[in-house]
Structures are given as C-alpha cells and as structure tokens.
Amino acid sequence: MTLHPMIAALRKHKAGVVLISLQIALTLAIVCNAIFIIGERVQRVNRPTGLDESNLMLVTQQWVGAPSGDQPGDTDKLDSLLQADLAALRAMPDVASVVPINSLPLLNSSWNGSAALKPGTDLRGGNARTTYYFGDEHMLKTLGLKLVAGRAFTAADVQHRGFRDQGEPPIAIVTQALANKLFPQGAVGKVMYLDGSNTPTTIIGVVERLQVPGTGSWTNSFVWNATLEPIRLNANFSRYAIRTKPGRLQAVMKAVTPVLYGVNPMRVLDDDSVKSFADIRAEAYRADVGMAVLMGVVCLILIGVTAAGIVGLTSFWVGQRHRQIGVRRALGARKADILHYFQAENLLIAGIGAVIGVLLAIGLNLWLMHHYEMDRLPVLYVITGVAAVLMLGQAAVFAPARRASNVPPVVATRSV
C-alpha cells in the first residue's frame with residue numbers, strides 16, 4: 001500500500017477532505033481546551049478546605065436596634081449580646097462546639113491582607129497575601145482544624161473589638177502554607193507584621209490547612225494562606241460556626257432559630273441564615289459544576305458530530321468506489337487490504353486535521369490566557385487529544401470500511 005494512489009483518490013474529493021479535516025481540527029482545538037477547563041473546575045471543586053466538614057453549620061444573624069458600634073461603650077454592649085448567644089447555643093444538647101467567626105472557607109466573604117517579615121512592609125515589599133479568620137478559643141475544635149505545631153488559643157488569649165477598630169493581635173495561628181512561605185525553617189515563636197503594621201504578631205501555632213473564603217481565580221496565589229486571630233468581632237451582626245454531635249446536624253438546624261429568638265427576639269433570621277457547610281460548598285461551586293457539565297455536553301456533541309461526519313463521508317466514498325474496490329479485489333487484494341486502505345486513508349485525513357487542530361488549540365489557549373486568566377494548556381492534553389482524535393477516526397471508519405471489504409469482486413465490477 002502506497003500513498004500515491006490514496007492521495008490521487010482524495011484529490012477527486014477535495015471538498016469532503018477539507019471539510020472533515022477542518023471538522024477534526026475544530027473538534028481537537030475545542031475539546032482539548034474544554035477538557036482542560038473541566039479538569040481545572042473539577043480539581044477546584046474537590047480541593048479540601050482543611051475543615052472537618054461533616055456536622056458543621058453556620059448561622060448568620062443581625063440584631064435590630066442594637067448599638068451601631070460608633071459610640072463609647074457600644075463594643076461592650078455588642079459583646080454582651082454575642083456572649084449571650086454563645087451561651088445559649090453551647091447549652092443546646094446536640095451541639096458539640098460553637099465559635100463566633102467572621103467567615104468560613106467558600107463563603108465568599110473575606111478579610112484579606114498581607115503578612116511581612118519586617119515592620120511597615122506591605123505586599124509591595126514582596127511578602128505574602130493572607131486571609132484573616134477571627135474567633136475564640138473554640139475555633140480549632142469547632143472547625144476541625146489539625147494543629148501540626150505549637151498550641152491552640154486559650155480563653156486568656158481572646159480579645160474583643162469593634163468591627164471598625166484597628167490594631168493587630170499580639171499572637172496568631174497560621175496555616176502550614178503561610179508558615180512555609182514566611183519561615184521555611186519553622187514558624188512557631190517567630191514574629192510577623194500584618195498589613196504593613198509596626199506591631200509584631202507572634203505565631204503560636206500552625207494548622208495543616210485552611211482555605212480562604214474566596215473561590216475566584218484571583219485567590220489561586222494564596223488559597224491556603226490563612227491567619228487565625230483570637231478576636232471576638234463585635235458588630236450589629238454576627239456569625240456562629242456550630243459543630244453538632246454526629247448525626248444531629250438537621251435537628252440543630254431546625255432548633256437553632258427558636259433558641260436564638262428565645263435569647264433576644266430583636267434580631268433578623270431568615271431562610272438563608274442557617275446553612276450546613278454542605279450547602280455552602282454546593283452554592284460556592286454551583287457555577288463551576290454548571291460550567292463543567294455544559295462543556296462536557298459540548299464535547300460529547302462535537303465528538304458525536306465529527307464521528308458521524310467521518311462515517312457518512314466514508315460511506316459515500318465507498319458507494320462511489322465500487323469499481324475501484326472490484327478491480328483491487330480482482331487483482332488479488334484481500335478483505336484486510338481493503339479495510340486497511342480505508343483506515344490508512346482516514347488516518348491521513350485525521351492526521352492533517354490533527355496538525356491544524358494543534359495549532360488552533362494552542363492559539364485558543366493563548367487567547368483564553370490573555371482574556372480570562374487561564375493557565376497554559378499542558379502538552380499532555382494536546383498529545384492525548386491528538387491520540388483520541390486519531391482513534392475516533394479509526395473507530396468511525398471501521399464499519400463502512402468493513403462493508404467495503406465485504407463487497408465481492410464480481411458484484412463490484414457489474415455495478416458500473
């Protein structure tokens with residue numbers, strides 16, 4: 001089998017060859033980038049937060065008629081309201097632990113800043129970005145964080161401050177990722193400076209992992225850089241992370257609203273105020289899951305259309321080549337030779353389309369990188385895409401090629 005008669009035959013069907021090649025090229029370019037995007041979305045959806053997510057819920061509420069926090073004494077009054085809520089929640093029989101907290105991973109509500117090795121230095125000095133979580137001595141237990149070095153907060157460490165108050169805490173706990181960036185040789189006992197402050201903050205502990213609240217691509221550079229501060233934040237609203245006893249999550253979610261209204265009815269609690277962490281995760285990644293499903297459907301449609309095009313065009317060519325097939329069979333060509341001929345012909349067309357598709361895939365990826373902050377398409381995706389396209393072509397051409405190989409020589413020659 002030589003390429004010359006194959007190329008001569010294809011030159012008689014230029015339009016079909018061009019259309020199939022371009023179809024294969026477009027399919028390769030789109031599917032490679034789509035699969036890469038799907039892979040990124042799946043990886044992001046499945047990445048661990050660092051929390052023990054089972055039996056964890058969040059309550060968000062706002063007091064009505066509470067002090068604004070702008071007048072002297074407002075902070076103490078707000079802290080009294082918060083402490084009363086905490087006492088009531090911790091007294092619930094199905095509650096294991098409660099912490100007042102400003103945010104949680106995936107909540108898309110964050111306090112962000114910077115951590116530096118020198119005083120008066122912010123991000124422009126090349127230091128690390130970080131997210132702040134404020135809570136009391138129950139923070140690690142409630143969130144289920146794993147302490148890998150140092151110690152946890154105690155009640156004596158906890159301060160309370162107003163929502164608009166400034167100042168850095170004397171101590172903090174950081175994640176392993178932030179600790180490795182600032183102090184690769186060990187962070188416990190070391191001093192850092194937050195948000196360009198001149199006030200030192202001593203690291204007393206390191207937790208294994210805690211994801212930032214944001215889920216956008218802008219957080220990728222510091223997704224694990226979290227700083228935990230022993231602060232009860234006082235404002236006219238509050239959030240409580242609650243860990244229930246095993247299997248009692250739904251019961252606590254139903255009971256928590258009446259309990260809080262019993263403490264103080266002057267508050268707002270609506271249907272979205274009480275959420276399990278599973279709900280928070282599902283809501284945070286709804287767009288990513290939707291995008292992955294949509295692109296998966298698009299990929300399947302493109303692959304199906306391309307395969308149908310190859311089958312249809314090959315079947316059409318087989319119908320037009322009965323004379324050629326009959327002559328080859330009369331000259332001694334075996335069924336396997338006819339089958340291999342059409343497979344090789346398809347491989348040539350698919351190869352041309354794959355070369356064009358590789359160029360289109362790279363170009364599309366560069367455009368996505370420029371406009372949508374996409375990562376560079378790995379070479380492995382392109383190689384895998386080329387192999388998949390070639391295999392798809394061989395699978396699609398097999399049925400019509402086999403029908404061609406089964407045509408008897410005498411029937412083929414008489415059909416002209």
Side-chain angles (χ1 to χ4, degrees), residues 49-53 55-64 66-69 74-75 77-92 95-113 131-145 153 158-165 169 173 210-215 226-244 249 252-264 266-284:
T49 58
L51 306 175
D52 179 1
E53 299 181 11
N55 303 305
L56 184 64
M57 56 180 284
L58 180 70
V59 177
T60 302
Q61 68 87 43
Q62 183 170 2
W63 287 290
V64 177
S68 64
D74 282 0
T75 300
K77 294 177 183 177
L78 290 169
D79 194 56
S80 297
L81 293 173
L82 186 146
Q83 292 273 38
D85 282 355
L86 291 175
L89 292 173
R90 288 166 180 163
M92 293 177 68
V95 169
S97 181
V98 182
V99 62
I101 199 160
N102 61 313
S103 190
L104 283 178
L106 310 183
L107 198 59
N108 281 316
S109 173
S110 58
W111 278 255
N112 299 316
T131 282
Y132 302 122
Y133 289 101
F134 308 124
D136 61 15
E137 69 274 16
H138 299 276
M139 187 185 295
L140 269 61
K141 178 183 177 182
T142 304
L143 301 185
L145 302 179
F153 297 135
V158 180
Q159 305 173 346
H160 74 94
R161 76 180 191 197
F163 185 76
R164 297 181 179 85
D165 292 346
I173 295 173
L210 182 58
Q211 187 177 338
V212 303
T215 57
T227 300
L228 287 67
E229 300 184 9
I231 294 173
R232 288 194 309 272
L233 200 61
N234 301 134
N236 58 7
F237 74 96
S238 61
R239 288 187 175 119
Y240 308 117
I242 302 174
R243 177 162 300 283
T244 70
L249 178 64
V252 175
M253 290 180 66
K254 293 179 181 178
V256 69
T257 298
V259 168
L260 290 176
Y261 274 127
V263 175
N264 185 348
M266 300 300 292
R267 68 174 82 232
V268 176
L269 282 164
D270 56 28
D271 293 338
D272 291 330
S273 296
V274 181
K275 294 181 178 180
S276 68
F277 192 81
D279 293 333
I280 294 174
R281 172 177 279 279
E283 184 176 332

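The structure presented is a predicted model; accordingly, all values stated were derived computationally and were not measured. Positions are given from 1, in the same order as the sequence printed here.
Using a distance-only test at 3.5 Å, with no hydrogens or angles considered, a donor-acceptor pair links the side chain of Ser103 to the main chain of Ser109. Formation of a donor-acceptor pair under 3.5 Å by the Arg243 side chain with backbone atoms of Asp52 is found in this model. Without hydrogens or angle criteria, Arg267 side chain to Leu260 main chain gives a donor-acceptor distance under 3.5 Å. Looking only at distances, no side-chain donor or acceptor of Asp136 sits under 3.5 Å from a matching main-chain atom of Arg232.
The CG atom of Asn112 lies 10.5 Å from the OG1 atom of Thr227; values are rounded to the nearest 0.5 Å. Rounding to the nearest 0.5 Å gives a distance of 6.0 Å between CG of Leu104 and CZ of Phe277. Lys275 contributes atom NZ, which lies 7.5 Å from atom OG1 of Thr60 (distance to the nearest 0.5 angstrom). With rounding to the nearest 0.5 angstrom, the CG atom of Leu249 is 6.0 Å from the CG atom of Asn55. Here CG of Leu140 is found 5.0 Å from CG of Leu145. Values are rounded to the nearest 0.5 Å. Summarising the geometry, atom CG belonging to Leu210 is positioned 10.5 Å from atom CD1 belonging to Ile173; distances are rounded to the nearest 0.5 Å.
Nearest heavy atom pair, residue His160 against residue Asn234, reads ND1-OD1, 2.8 Å. Contact detail for Asn102 and Trp111: the closest heavy-atom pair is ND2-CE3, 2.8 Å. Residues Ile280 and Pro105 come closest through the heavy atom pair CG2-O, 4.1 Å. The nearest pair of heavy atoms linking Tyr261 to Leu269 is OH-N, 3.3 Å. Between Trp63 and Ser238 the shortest heavy-atom distance is CH2-OG, 3.8 Å. Between Gly162 and Leu233, the shortest heavy-atom distance links the atoms O-CD1, 3.9 Å.
By the 4.5 Å heavy-atom criterion applied to side chains, Thr142 and Ile242 are not counted as neighbours. Looking at heavy atoms from C-beta onward, Asp85 lies in side-chain contact with Gln61 at the 4.5 angstrom threshold. For the pair Leu228 and Phe153, the minimum side-chain heavy-atom distance is below 4.5 Å. Contact of the Ser110 side chain with the Val212 side chain is not registered, since no non-hydrogen atoms from C-beta on lie closer than 4.5 Å. Contact check for Arg239 versus Leu107: side-chain heavy atoms found under the 4.5 Å cut-off. Side-chain contact between Arg281 and Thr49 is present, with heavy atoms from C-beta onward closer than 4.5 Å. Between Thr131 and Pro213 there is a side-chain heavy-atom pair separated by less than 4.5 Å. Residues Asn236 and Gln62 form a side-chain contact, since some pair of their non-hydrogen atoms from C-beta on lies under 4.5 Å apart.
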Stepwise side chain to side chain contact (heavy atoms under 4.5 Å, CB included) test for Tyr132 and Ile231: CA-CA 11 Å; Tyr132 302 122; Ile231 294 173; over 6 Å; no

message: For a side chain to side chain contact (heavy atoms under 4.5 Å, CB included) check, start with the C-alpha distance between Phe237 and Val268, then their side-chain angles and the critical distance, and finish with the verdict.
response: CA-CA 9 Å; Phe237 74 96; Val268 176; over 6 Å; no

task: Determine, step by step, whether Met57 and Val256 satisfy the side chain to side chain contact (heavy atoms under 4.5 Å, CB included) criterion, reporting the C-alpha distance in whole Å, the side-chain angles of both residues, the deciding distance to 0.1 Å, and the verdict.
output: CA-CA 11 Å; Met57 56 180 284; Val256 69; 4.1 Å; yes

- request: Report the C-alpha separation of Val95 and Leu89 in whole Å, then their side-chain angles, then the decisive distance to 0.1 Å, and conclude whether the side chain to side chain contact (heavy atoms under 4.5 Å, CB included) test is met.
  value: CA-CA 7 Å; Val95 169; Leu89 292 173; 5.5 Å; no

